[in-house]
Novice: 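Encoded as structure tokens, here's the structure I'll be asking about.
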Amino acid sequence: MANSKQARKRARQAVARNQHLSAQRSQYRTAIKSVRKLVIAGDKAAATEAFQKAQSVIDSMARKNVLHANAAARHKSRLAAAIKAMA
């Protein structure tokens with residue numbers, strides 16, 4: 001356990017930040033899963049619509065440094081390729 005006042009405050013802040021980031025990561029993962037489910041189901045129109053929403057979430061996470069910019073680009077690229085392959 002933290003001994004100084006400063007260390008106790010940092011411990012409280014770390015818990016709060018961890019909860020906040022966990023919620024954001026969950027939102028990001030849910031957005032990706034929704035697109036993947038629609039790709040597997042074969043519904044291209046719905047998958048494209050879900051991809052637009054997921055793109056917004058992914059970009060938001062990259063801007064907030066929850067996710068590295070290159071990782072965000074990689075996820076968007078792979079989702080787009082999966083939708084494009086649905087011919």
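Below, all heavy atoms of this structure are taken into account, side chains as well, without hydrogens, waters or symmetry copies.
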Novice: How many angstroms lie between atom CG of Leu21 and atom NZ of Lys64, to the nearest 0.5 angstrom?
Specialist: 10.0 Å
Novice: Between CZ of Arg29 and CG of Leu67, what distance do you get to the nearest 0.5 Å?
Specialist: 10.0 Å
Novice: Can you tell me how far the CZ atom of Arg25 sits from the NE2 atom of His20, to the nearest 0.5 Å?
Specialist: 10.5 Å
Novice: Can you spot which of Asp43, Thr48, Val39 makes a side chain to side chain contact (heavy atoms under 4.5 Å, CB included) with Met86?
Specialist: Val39
Novice: Are there more than 12 heavy atoms of other residues, nucleotides or ligands under 6.0 Å from atom CD of Gln6?
Specialist: no
Novice: Measure the OG-NZ distance between Ser77 and Lys84 for me, rounded to the nearest 0.5 Å.
Specialist: 10.0 Å
Novice: Whether the side chain of Ser60 engages the backbone of Ser56 through a donor-acceptor N/O pair (distance < 3.5 Å, no angle test) should be reported.
Specialist: no
Novice: Would one find more than 12 heavy atoms of other residues, nucleotides or ligands at under 6.0 Å from atom CZ of Arg74?
Specialist: yes
Novice: Search all heavy atoms of Ala62 against all heavy atoms of Ala69 and return the closest pair with its distance.
Specialist: CB-CA, 4.4 Å
Novice: Do Gln55 and Leu79 make a side-chain contact, defined as non-hydrogen atoms from C-beta onward lying under 4.5 Å apart?
Specialist: no
Novice: In terms of heavy-atom contacts, does CG of Asn18 have more than 12 from other residues, nucleotides or ligands at under 6.0 Å?
Specialist: yes
Novice: Is it the case that atom NZ in Lys37 sees more than 12 heavy atoms from other parts of the structure closer than 6.0 Å?
Specialist: no
Novice: Please examine the side chains of Val57 and Thr30, heavy atoms only from C-beta on, and report whether any two atoms are closer than 4.5 Å.
Specialist: no
Novice: Quick one, Val66 and Tyr28 - any side-chain contact, counting heavy atoms below 4.5 Å?
Specialist: no
Novice: Quick check on the hydrophobic clustering: are Ile83 and Ile40 connected, directly or via other members, by side-chain heavy-atom contacts under 4.5 Å?
Specialist: no
Novice: If I compare all heavy atoms of Ile58 with all of His75, which pair ends up nearest, and what's the gap?
Specialist: CD1-CB, 4.3 Å
Novice: Under 4.5 Å between side-chain heavy atoms, counting indirect links through other Ile/Leu/Val/Met/Phe/Trp/Tyr residues: same cluster for Ile32 and Leu38 or not?
Specialist: no
Novice: How many angstroms lie between CZ in Arg17 and CZ in Arg10, if you round to the nearest 0.5 Å?
Specialist: 9.0 Å
